[in-house]
Q: 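Once you've had a glance at the structure underneath, I'll fire off some questions.
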Amino acid sequence: MSDSTNPMLSRRGVLRGGAAAGLSLGLGGVLAACGAEPGNGGGGGGAPVTISYTYWVATMVETIDRLTAEFHEQHPNITIDAQLTPPAQYWTKLQTAVTGQNAPDVAMMNGPNSGLYASNDTLLRLDDLIAGDQVDLSAYADAAVDLYRIDGGVYGLPINVATTALFYNKTMFADAGLAAPDETWTWDTLRDAAATLTDSDKGIFGFASPLGNQSGYYCTIPQAGGFVIDEDRTRSGFDDPKSIDGIQYLLDFVTEGHSPSHEQSLSTVVSDMFISGKVAMMHHIPAGAWQCWGSEQIRPHTDIAPLPAGPAGPATTVHSTANCVMSQSEHPEEAWEWVKFLASREAQEQFGADGAIIPAYQGAESAFLESMPDFNVKAFIDQYEHGVPYPSSQNTAVWQKLETEHLAPVWAGEAELEPSAAALAAAMNEALEAE
Amino acid sequence: MRRSQGIHRRDAAWAWVFLAPTLLGLGVFSLWPVVRTFYISFTTSGPFGGSTWSGLANYRELLSDPAVGMTVRNSVLYALILLLTIPIGSVIASLLNQRRLRGLAIYRTFYFLPVVTMPAAVAIVWRLIYDGDYGPLNYVLSLFGIDGTYWLFDGRVALLAVGIVGIWTALGMHIIILLAGLQAIPSELYEAAEMDGASRTRQFINVTLPLLTPSIFFLSVITVIGALQVFDLVFLMIPPGSPVLNEVRTIVYLFYETGFIANRKGYAAAIGVLLFIMIMALTALQFRLQKRWVHYA
């Protein structure tokens with residue numbers, strides 16, 4: 001993609017052939033960016049087979065490397081070629097590879113994309129393999145499996161579960177004489193604490209409320225009793241009055257000055273503000289815990305609590321990534337072995353012990369809990385019972401883009417919430433109709 | 001006679017052999033995608049290929065889509081901003097053209113450095129410079145009592161802010177080309193002009209400028225083409241949730257969103273074709289107009 005606007009390239013192009021060449025480099029760069037996937041090795045049965053695997057979670061690299069070697073020991077004929085692709089390019093690259101009949105054998109999936117890939121028959125339906133090998137799906141968090149249950153079939157085995165919890169700076173709480181957050185907290189408690197902790201002179205905000213879905217309004221909308229998408233995945237819930245309450249709750253922190261402004265949270269991610277002590281509380285997923293744990297500066301001041309309950313009770317979004325066998329794979333059985341292995345208890349425990357992700361395998365979390373002993377990371381797991389599945393449909397990315405388009409002006413203080421939410425719901429309904 | 005014809009033919013064959021790698025590369029990676037883009041623009045295409053012919057439907061939508069009009073406006077504005085590189089580059093190039101200047105090589109290196117720097121790195125550094133709270137730009141402005149804004153989040157200045165980075169990036173290339181142009185001007189012309197009693201300013205207007213016009217023309221053509229294709233700087237400097245996206249979204253940005261986020265490859269291809277036509281028209285126009293102002297020595 002960067003080729004399309006590389007000044008050197010386009011300039012040289014023009015020197016030779018005028019506008020057409022310059023433009024062709026642009027379009028060519030875009031359309032010919034199909035990255036060749038290495039290692040679609042041949043052979044079948046017991047013959048040596050190379051299974052290519054792509055994923056985007058950089059914190060998993062060490063564990064994956066170790067597991068790759070272990071897997072090869074158990075299955076000497078299968079070699080795993082694992083490729084980490086940065087999240088920013090992951091989906092474009094995978095899509096191009098699939099379109100060019102060059103898909104990896106196994107790919108990591110997430111909620112916003114699972115529907116798209118499954119409904120276009122690019123993923124292998126795993127039901128028969130699961131039944132054949134007697135894999136027990138009840139071992140995994142329900143909401144995690146449900147994200148990959150599409151049109152009655154199962155398309156992936158989950159590797160991790162991510163809920164959202166409340167991160168707080170316990171030193172700031174102690175200094176302000178406030179009691180630390182716990183499961184008795186409600187929206188009101190958090191609002192009061194945010195007001196108390198905000199210190200405009202020092203540029204400190206009580207709570208970070210950036211425009212964000214997974215840790216933001218996807219959590220507070222169900223807390224208010226609203227919904228993002230109905231159960232049939234055909235209707236938007238953004239115009240529901242309760243959904244609007246859930247968004248309004250987050251928005252109020254910004255308008256009242258108890259949260260960084262939209263501009264501020266776009267220029268500096270809130271977790272960085274939390275780490276530098278500019279923000280006393282934030283919503284975040286497990287990756288945030290890992291980030292705070294890694295920072296000498298904030299580790300001694302950090303702790304984690306469940307999200308406060310809204311008018312309709314407690315709720316948190318449950319997201320899960322899963323491994324899927326691509327239907328283009330020439331070695332689906334070997335690919336399935338790898339998927340199954342990564343979701344197995346032994347592999348899941350290793351993921352947990354490295355602390356990078358919360359394993360999806362229930363009961364394998366103990367190693368994760370011990371990986372960050374000073375943090376109450378159990379808050380992530382305790383909230384499963386209030387978990388709401390990450391909202392998704394066939395073309396989730398399309399209406400997620402609409403969310404940003406309609407809500408960004410609201411967060412920036414340039415538009416009113418209610419009409420924007422109504423417009424968003426209408427646009428989202430139209431997008432769902434087109435699915 | 002016959003003999004020499006044979007040699008010519010053999011030479012021609014060799015020429016083709018040597019050209020083949022380039023032609024093959026151009027054909028496969030440039031020409032074929034262009035042809036495909038035109039084809040795809042007449043189809044409705046799924047996220048993973050598999051397309052159906054839909055005739056002019058994409059183009060009909062293109063003409064009535066307000067987003068397209070806005071991105072065309074933004075891209076043209078961006079191109080106009082980037083054209084400022086030429087006068088700025090001319091001034092710096094003529095300053096650098098003085099043989100008495102010490103450390104010329106260092107200046108040239110400094111000016112050329114941004115050209116060879118990765119756009120991603122450029123974007124990240126400039127995002128920090130423009131930061132509303134901690135950015136050095138606002139700090140410097142505050143020394144003069146000026147209250148800076150969130151440069152990349154203020155719809156009135158965001159496109160200009162990105163454009164300034166674009167100018168900064170392109171400047172080195174412009175200076176090199178203009179310097180080459182300046183140095184190609186024979187010194188006799190200045191001597192003659194001096195004998196005729198022409199002042200420095202007069203010399204610049206009547207000797208330097210006319211003889212620099214081929215370089216300026218070349219630069220204005222490639223600047224317009226490059227600017228209309230801008231994507232990386234905007235994509236990297238303006239985050240997706242930004243409220244100013246409507247003021248800065250360029251044609252290629254829309255192409256990316258349509259093709260790779262919304263998965264509408266057919267419509268995206270039509271946007272690409274629109275850009276192709278725009279660039280072709282603007283370039284043709286520039287070539288027509290050059291007869292009026294470009295002097296080839």
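Numbers restart at 1 for each chain; the letters A, B, ... are given by sequence-line order, proteins then strands.
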Q: Do A:Q264 and B:Y150 come close enough that some side-chain heavy atom pair is under 4.5 Å?
A: yes

Q: How long is the gap from NE2 on A:H262 to OG on B:S242, to the nearest 0.5 Å?
A: 6.5 Å

Q: Which atoms form the tightest heavy-atom contact between B:D131 and A:S267, and what is the distance?
A: OD2-CB, 3.6 Å

Q: Starting at OG of A:S276, measure out to OH of B:Y134 and round the result to the nearest 0.5 Å.
A: 6.0 Å

Q: Select one option (side chain, backbone, both, neither) describing which atoms of B:I261 are under 4.5 Å from chain A's heavy atoms.
A: both

Q: Which atom pair, heavy atoms only, marks the closest approach of B:P239 to A:L266?
A: CG-CD2, 4.0 Å

Q: For chain B, which of A:W91, A:W399, A:W411, A:Y117 has the most heavy-atom pairs under 4.5 Å?
A: A:Y117

Q: I'd like to know whether CD of A:E414 has more than 12 heavy-atom contacts from other residues, nucleotides or ligands below 6.0 angstrom.
A: yes

Q: Give, as side chain, backbone, both or neither, the part of A:E405 having an atom under 4.5 angstrom from any heavy atom of chain B.
A: side chain

Q: Could you grab the distance from atom CD of A:Q328 to atom CZ of B:F48, nearest 0.5 Å is fine?
A: 9.5 Å

Q: Who wins among A:L211, A:T122, A:T268, A:N395 for the most heavy-atom pairs under 4.5 Å with chain B?
A: A:T122

Q: Could you pull out the closest heavy-atom pair between A:L116 and B:P47, with the gap in Å?
A: CD1-CG, 3.8 Å

Q: Checking heavy atoms, do the side chain of B:F235, its backbone, both or neither come under 4.5 Å from chain A?
A: neither

Q: Is it the backbone or the side chain of A:T404 that comes under 4.5 Å from a heavy atom of chain B, or both, or neither?
A: side chain

Q: Counting heavy-atom pairs closer than 4.5 Å to chain B, which one of A:N120, A:D121, A:L407 comes out on top?
A: A:N120

